[in-house]
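Some notes on the structure that comes next.
Computed from heavy atoms alone, side chains included, the values below leave out hydrogens, waters and symmetry copies.
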Amino acid sequence: MRAYKEALQQLLKNKLLNFRADHEYSQEHIAELLHISPRALFDLESGKYGFFALTLMFFLSVMKESEVETLLTDFRSLVDAENEKTVN
């Protein structure tokens, strides 16, 4: 289970960084959208901490449906890859 958690944390961190860059949002603006402090956003982006459920829901709510769909597809691929590791 730990492997899934770490892989998901890395996936979400990368999605957040790419989302912010793609939309040219400042850290302060993203922090406001996610209802967290700029420091908490820094900790998410640096990988120090993972997403809380509420923060993840706010993130999903500001994403376009196509971006959410891509995130879910990437997560499925991540799970499949982790499953392959445990089988082999």
Side-chain angles (χ1 to χ4, degrees):
M1 187 61 100
R2 182 169 176 80
Y4 294 111
K5 182 178 178 181
E6 290 172 0
L8 176 60
Q9 184 174 343
Q10 186 67 36
L11 175 68
L12 290 173
K13 175 185 126 174
N14 291 339
K15 289 293 179 181
L16 179 60
L17 288 168
N18 290 334
F19 180 82
R20 188 163 70 81
D22 290 347
H23 296 281
E24 299 179 354
Y25 290 150
S26 67
Q27 284 185 319
E28 292 78 14
H29 184 69
I30 287 287
E32 287 176 17
L33 292 174
L34 300 182
H35 298 263
I36 59 176
S37 70
R39 177 60 198 198
L41 177 66
F42 175 81
D43 289 342
L44 285 175
E45 289 184 341
S46 67
K48 183 175 182 180
Y49 297 110
F51 277 73
F52 287 106
L54 186 57
T55 305
L56 177 57
M57 294 306 295
F58 279 120
F59 185 38
L60 294 172
S61 72
V62 299
M63 295 171 78
K64 295 177 186 172
E65 286 185 32
S66 61
E67 293 169 323
V68 174
E69 188 174 322
T70 299
L71 174 62
L72 291 174
T73 300
D74 291 348
F75 179 70
R76 285 186 191 114
S77 297
L78 181 149
V79 169
D80 290 343
E82 289 299 323
N83 286 340
E84 282 293 316
K85 288 180 187 177
T86 59
V87 170
N88 295 328

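Remark: of the listed residues R39, R20, K13, R20 is the sole one forming a salt bridge (charged side-chain N to carboxylate O under 4.0 Å, His left out) with E45.
Every residue meeting the salt bridge (Lys or Arg N to Asp or Glu O under 4.0 Å) condition with E82, not counting sequence neighbours, appears here in chain and number order: K85. Listed by chain and number, the residues in a side chain to side chain donor-acceptor pair (under 3.5 Å) with E69 amount to none (sequence neighbours excluded). Applying the salt bridge (Lys or Arg N to Asp or Glu O under 4.0 Å) rule to K15 yields the partners D74; only residues at least two apart in sequence or on another chain are considered.
Closest non-hydrogen pair, F75 versus L8, comes out as CD1-CD1, 3.7 Å. Closest approach of L33 to Y25, counting heavy atoms only: CD1-CE1, 4.1 Å. Of all heavy-atom pairs spanning L44 and Y49, the tightest one is CD2-O, 3.6 Å. Counting all heavy atoms, side chain and backbone alike, V62 lies closest to F19 at O-CZ, 3.8 Å. Of all non-hydrogen atoms in V68 and L60, the two that sit nearest each other are CG2-O, 3.6 Å. The minimum heavy-atom distance between K64 and E67, with the atom names listed, is N-OE1, 2.7 Å.
Ion pairing between a basic and an acidic side chain is recognised when a charged N comes within 4.0 Å of a carboxylate O; R76 and D80 show no such pairing.
Using a distance-only test at 3.5 Å, with no hydrogens or angles considered, a donor-acceptor pair links the side chain of S46 to the main chain of F42.
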